[in-house]
Amino acid sequence: SREEGGTAMKDSRPFVLLGGSIAFGLGVLCGSLLSSLRSSGKSSDENPLPLPPSSPYADRRLKAGVIQDLELAATLPYPLTPHPTSLDGHLVSTCVISKSKSIERLVRKTLSSRRVSGIDDPSVTFETLVELCLSKGATRLYVAGGFLRDLFQCAVAADDLDFIFKCGGGNLVPWLFKVAEGRGWPTKKKINQHDKQTRFDYVAVGKGKMKFSGHPIGSGCEGEFAMNTLLYDVKNAVVIDPTGFGVYDAVNFTLRIPVPEEGWMNWYEEDRLPGMKVLRYYNFCGRGYQPIDNRTRSFINSRMVHGLSSGPASPAADTLLTFFKRKLLDGERPEEEAAEKAYSWVCSVRAEMEKGGVDKDIVGKTVNSIRDILIEKGNALPGLDTFLEKLVQG
């Protein structure tokens, strides 16, 4: 049950987010362990970290949705502080490393066959960019985010394919920009809102949904819920589940905050865009996901009310506008369809708050705050008027 899943995490080794990055420790610990596994053929029986009895991986082979051949390769303690000299005094998670020939084939096929949209040369695929990055010194290249989650759910390669880079020294992003621009490939840069300078924690080559995009490790883009913390190490062909529950949650459509309850406020506050994790929670609920327990639902609802408590002056007002631009009223679909999607998201907000026992007046005030923010800040959003009409009728 979902409640049992919540208990299972409490039974495992506790860990908290102490550095803003779910992937910080992978380079040191996973890198050395994977190298030894590949060279010696040792099994995880020799690894000193046992699995919790309630771990989904306890039987060593996990039938993960449509993926029937996921096999445990190793477990290891995973510290969430950068560059620890030892594990003494550091809270850790049981990170699980698995192999799957099915996942390996699906990823390889996608990388080799998928063209980078916006580049005229048909020979330029995702594999081209991956090989460029690895040849430059990216010691690790991870497929991250929803792509891997969706593979476990339905074995279908999603349009979005994002990467996380780890380099031995320096930053891969400026170099990749220069190479792409030198070859005439379109790029997308993001600007720091404070100093208006180019941000080097993100790179995109190509245009549209099937562009090649990624972040350096530690930039805070490693996944907000356990199902989205899953990583696939391209070089070593293994699935990395830092929390030990990512695959389980993906195939069960479960939303789990990937830190124990005492760390939830830090998880919430360590958000690139204040409140974005909360807004995405309701988006997932609209797609059939459910929180692991009522404590999770109550916490998310309380942060939603707090973040949108003052209309256009709310702490998360600008984030709400960004969320609507990216996910709902994005201009990539007919306005009526986009407005319906935006209205469905608001319905998810209402439904989750009602399930969580939030007072009806507070629910109404939150929805009105969403409306007021969009009226003041989002007048250029395509489909906004249609969405507002639906909101009034609803």
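This chain uses plain numbering: 1 for the first residue, then up along the sequence.
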Legend entry - salt bridge (charged side-chain N to carboxylate O under 4.0 Å, His left out) against Glu104, all qualifying residues, sequence neighbours excluded: Lys101, Arg108
Inset, instruction - Sequence neighbours left out, what pairs pass side-chain hydrogen bond (donor to acceptor under 3.5 Å, both in side chains) with at least one residue falling in residues 310-324? - result: Asp318-Lys377
Legend entry - NZ or CZ of Arg256 within 45° of Phe245 ring axis and under 6.0 Å: yes
Inset, instruction - Flag yes if more than 12 heavy atoms outside Lys325 fall under 6.0 Å of its NZ atom; otherwise flag no. - result: no
Legend entry - Hphob cluster co-occupancy, Val143 + Leu134, side-chain heavy atoms under 4.5 angstrom: yes
Inset, instruction - Taking atom types as modelled, find out whether Ser298 and Asn301 have a side-chain donor-acceptor pair closer than 3.5 angstrom. - result: no
Legend entry - Ion pair check, Arg333 and Asp330, cut-off under 4.0 Å: yes
Inset, instruction - Output yes when Arg272 and Asp201 qualify as a salt bridge under the 4.0 Å nitrogen-oxygen rule, no when they do not. - result: yes
Inset, instruction - Taking all heavy atoms of Gly223 and all of Thr229, pick out the closest pair and write down the distance. - result: O-CG2, 3.9 Å
Legend entry - For Lys178, all residues meeting salt bridge (charged side-chain N to carboxylate O under 4.0 Å, His left out), sequence neighbours excluded: none
Inset, instruction - Look at the aromatic rings of Phe299 and Trp267 and report parallel, tilted or perpendicular, splitting at 30° and 60°. - result: tilted
Inset, instruction - Kindly write out the residues that satisfy salt bridge (charged side-chain N to carboxylate O under 4.0 Å, His left out) with Arg350, not counting sequence neighbours, or none if the list is empty. - result: none
Inset, instruction - State, to 0.1 Å, how close Asp271 and Lys277 come at their nearest heavy-atom pair, and which atoms those are. - result: OD2-N, 2.8 Å
Legend entry - Lys/Arg cation over aromatic Phe177: Lys189, 6.0 Å, 45° cone: yes
Inset, instruction - Can you run down the ring pair (Phe, Tyr, Trp, His ring centres under 6.0 Å) pairs that involve residues 329-353, sequence neighbours left out, and say none if there aren't any? - result: Phe323-Trp345, Phe324-Trp345
Legend entry - Matching residue for Leu111 among Leu106, Thr125, Val234 - test: side-chain contact (heavy atoms from CB on, under 4.5 Å): Val234
Legend entry - Interatomic distance, Thr296 atom OG1 to Gln290 atom CD [nearest 0.5 angstrom]: 11.5 Å
Inset, instruction - Spell out, as yes or no, whether a donor-acceptor pair under 3.5 Å connects the side chain of Asp69 to the backbone of Ser100. - result: no
Inset, instruction - Show the numbers, then the answer: is there a ring pair (Phe, Tyr, Trp, His ring centres under 6.0 Å) between Phe163 and Phe212? - result: CA-CA 8 Å; Phe163 295 88; Phe212 179 94; 4.8 Å; yes
Inset, instruction - Taking side-chain hydrogen bond (donor to acceptor under 3.5 Å, both in side chains) as the test, write out the residues that go with Glu352, two or more places apart. - result: Tyr281, Arg297
Inset, instruction - Measure across Gly311 and Ala317 and return the closest heavy-atom pair with its distance rounded to 0.1 Å. - result: O-CB, 4.0 Å
Legend entry - Among Asp249, Leu230, Leu70, the one residue meeting side-chain contact (heavy atoms from CB on, under 4.5 Å) with Asp241: Leu230
Inset, instruction - Using the side-chain contact (heavy atoms from CB on, under 4.5 Å) rule, take Leu148 and Asn228 through it: C-alpha gap first, then chi angles, then the decisive distance, then the call. - result: CA-CA 8 Å; Leu148 201 55; Asn228 279 343; over 6 Å; no
Legend entry - Steps toward side-chain contact (heavy atoms from CB on, under 4.5 Å) verdict (Ile257, Tyr268): CA-CA 10 Å; Ile257 298 174; Tyr268 168 75; over 6 Å; no
Inset, instruction - Mind listing the closest non-hydrogen atom pair of Pro382 and Leu329 along with its distance? - result: O-CB, 3.4 Å
Legend entry - Residues, nucleotides or ligands: over 12 heavy atoms within 6.0 Å of Asp120 CG: no
Inset, instruction - Would you give the length of the straight line joining atom OG1 of Thr110 to atom CG of Leu151, rounded to the nearest 0.5 angstrom? - result: 6.5 Å
Legend entry - Side-chain donor or acceptor of Ser309 paired with backbone N/O of His306 under 3.5 Å: yes
Legend entry - Shortest non-hydrogen contact between Gly288 and Phe253, atoms and distance: O-CB, 4.0 Å
Inset, instruction - For the pair Phe284 and Phe225, name the ring-plane relationship: parallel under 30°, tilted 30 to 60°, perpendicular over 60°. - result: perpendicular
Inset, instruction - Return the minimal non-hydrogen interatomic distance between Cys95 and Ile240, and the atom names on each side. - result: SG-CG2, 3.7 Å
Inset, instruction - Return yes when atom NZ of Lys390 has more than 12 non-hydrogen atoms of other residues, nucleotides or ligands closer than 6.0 Å, and no otherwise. - result: yes
Legend entry - Side-chain donor-acceptor contact under 3.5 Å, Ser123 with Asp121: yes
Legend entry - Atom NZ of Lys207: over 12 foreign heavy atoms under 6.0 Å: no
